[in-house]
Amino acid sequence: MDNPNKEEISRGDMSPISPFTKFCLTSLPSIGNFSIRAVEEAMDIENEEEVKTEQQETAPNPCGCQRTHCLKLYCECFANNRYCIGCNCHNCHNLPSYENAREEAVKQIIERNPGAFREDFSTIQKACHCKRSNCVKKYCECYEAGKPCTALCKCEGCKNVGNQ
DNA sequence: GAGTTTGAAACT
DNA sequence: CAGTTTCAAACTC
């Protein structure tokens with residue numbers, strides 16, 4: 001298998017700190033007063049990694065995307081119009097420093113589905129197409145949202161019919 | 001933790 | 001629009 005970081009290492013548009021340097025900064029113990037934070041500030045780097053660390057515990061639904069750079073709707077963070085913060089994703093481009101690529105991806109998705117990023121997401125009625133989960137597992141978007149399936153759904157063997 | 005199953009998203 | 005593939009999460013062992 002290829003090193004998943006290879007691509008990132010060779011990119012020219014990434015933040016000026018290499019993955020290896022990042023690893024060193026975050027993994028090696030600080031020496032005396034020589035703190036990681038001081039190094040970061042001295043290098044005047046983007047602070048997204050710092051933000052990640054600080055918000056790690058409160059990050060809602062951290063994703064674990066491997067292949068999409070978190071720029072497809074497969075990525076929960078991206079789909080919810082959030083940057084990836086405290087996630088376990090690889091080669092993430094869903095970050096302020098990749099704003100150009102991010103906006104391009106958003107544009108492309110909106111072309112395909114104008115409603116994909118509507119703000120009032122909670123009011124959108126989901127319509128699932130489940131075949132095997134009986135709509136009673138979190139594979140089903142309706143079930144996951146805590147809502148019964150409706151006539152809009154095209155599911156088979158649905159048992160997600162609410163309390164009735 | 002590894003492998004399987006699932007259905008949305010993406011693609012053709 | 002329908003069929004197929006890709007993807008990441010849910011789930012199982």
Side-chain angles (χ1 to χ4, degrees), chain A residues 1-15 19-20 22-23 26-28 46 48-164:
Chain A
M1 226 4 211
D2 282 347
N3 176 357
N5 289 325
K6 199 187 288 180
E7 185 188 340
E8 188 177 349
I9 290 167
S10 65
R11 291 188 64 83
D13 60 345
M14 60 177 291
S15 58
F20 176 70
K22 249 188 266 182
F23 169 78
T26 55
S27 302
L28 299 179
E46 288 287 324
E48 61 206 26
E49 288 299 320
E50 203 173 309
V51 170
K52 269 189 173 185
T53 306
E54 285 173 2
Q55 297 190 3
Q56 203 142 17
E57 282 148 32
T58 58
N61 307 325
C63 74
C65 304
Q66 308 261 347
R67 308 176 67 92
T68 61
H69 297 168
C70 301
L71 291 184
K72 305 253 184 190
L73 293 175
Y74 296 124
C75 176
E76 287 282 308
C77 308
F78 180 74
N80 289 312
N81 207 12
R82 291 197 318 261
Y83 291 119
C84 284
I85 294 170
C87 297
N88 307 308
C89 40
H90 301 312
N91 292 326
C92 182
H93 289 197
N94 182 26
L95 294 167
S97 58
Y98 287 100
E99 198 52 48
N100 288 348
R102 193 175 181 278
E103 281 178 11
E104 196 58 37
V106 170
K107 207 168 81 181
Q108 197 175 66
I109 289 164
I110 288 176
E111 270 177 30
R112 196 184 307 128
N113 172 13
F117 293 98
R118 271 167 61 174
E119 297 244 343
D120 198 0
F121 199 66
S122 61
T123 66
I124 297 173
Q125 177 59 51
K126 295 262 187 184
C128 72
H129 302 78
C130 304
K131 292 184 171 165
R132 309 179 68 90
S133 67
N134 301 122
C135 304
V136 289
K137 296 191 176 179
K138 289 176 81 177
Y139 297 124
C140 174
E141 292 202 329
C142 303
Y143 178 85
E144 184 169 27
K147 295 176 182 171
C149 291
T150 70
L152 296 172
C153 298
K154 294 181 177 165
C155 40
E156 298 172 12
C158 182
K159 293 181 180 170
N160 181 26
V161 291
N163 293 326
Q164 21 180 331

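Chain letters run A, B, ... following the sequence lines, proteins first and then strands; every chain starts at 1. The basis for the numbers below is simple: all heavy atoms, side chains too, and nothing from hydrogens, waters or symmetry mates.
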Candidate pair Cys155(A) and Cys140(A), rule side chain to side chain contact (heavy atoms under 4.5 Å, CB included), full reasoning: CA-CA 9 Å; Cys155(A) 40; Cys140(A) 174; over 6 Å; no
Rounded distance (Å) that lies between atom P of dG7(B) and atom CG of Asn134(A): 9 Å
Asn88(A) CG to dA10(C) P, straight-line distance once rounded to whole Å: 12 Å
Tyr74(A) side-chain proximity, nearest of dA9(B), dT6(B), dA10(C): dA9(B)
Separation of atom CD in Gln108(A) from atom C1' in dA10(B), rounded to whole Å: 10 Å
Gap between atoms CZ and P, on Arg67(A) and dC11(B) respectively (whole Å): 13 Å
Presence of Ser133(A) side-chain N/O under 4.0 Å of dT5(B) phosphate oxygens OP1/OP2: no
Val136(A) or Cys75(A), whichever maps to the more 5' nucleotide of DNA chain C: Cys75(A)
Pairwise side-chain contact, Tyr83(A) with Arg102(A), heavy-atom cut-off 4.5 Å (strictly under): yes
Nearest-Å distance for atom pair CD/P, residues Glu141(A) and dG7(B): 11 Å
Minimum side-chain heavy-atom gap Cys77(A)-Cys70(A) below 4.5 Å: no
Nearest-Å distance for atom pair CZ/P, residues Arg132(A) and dT4(B): 15 Å
Distance test, side-chain N/O of Lys138(A) to OP1/OP2 of dA8(C), below 4.0 Å: no
Out of dC11(C), dA8(B), dC11(B), whichever nucleotide has its closest atom nearest the side chain of Cys130(A): dA8(B)
Separation of atom CD1 in Ile109(A) from atom C1' in dA9(B), rounded to whole Å: 9 Å
Sugar-phosphate, base or nothing in reach of Cys128(A), heavy atoms under 4.0 Å: sugar-phosphate
Length of the line joining Tyr139(A):OH and dT12(C):P, which is rounded to integer Å: 7 Å
Donor-acceptor under 3.5 Å (Asn160(A) side chain, Lys147(A) main chain): yes
Aromatic ring pairing His93(A)/Tyr98(A), orientation class (parallel under 30°, perpendicular over 60°, tilted between): parallel
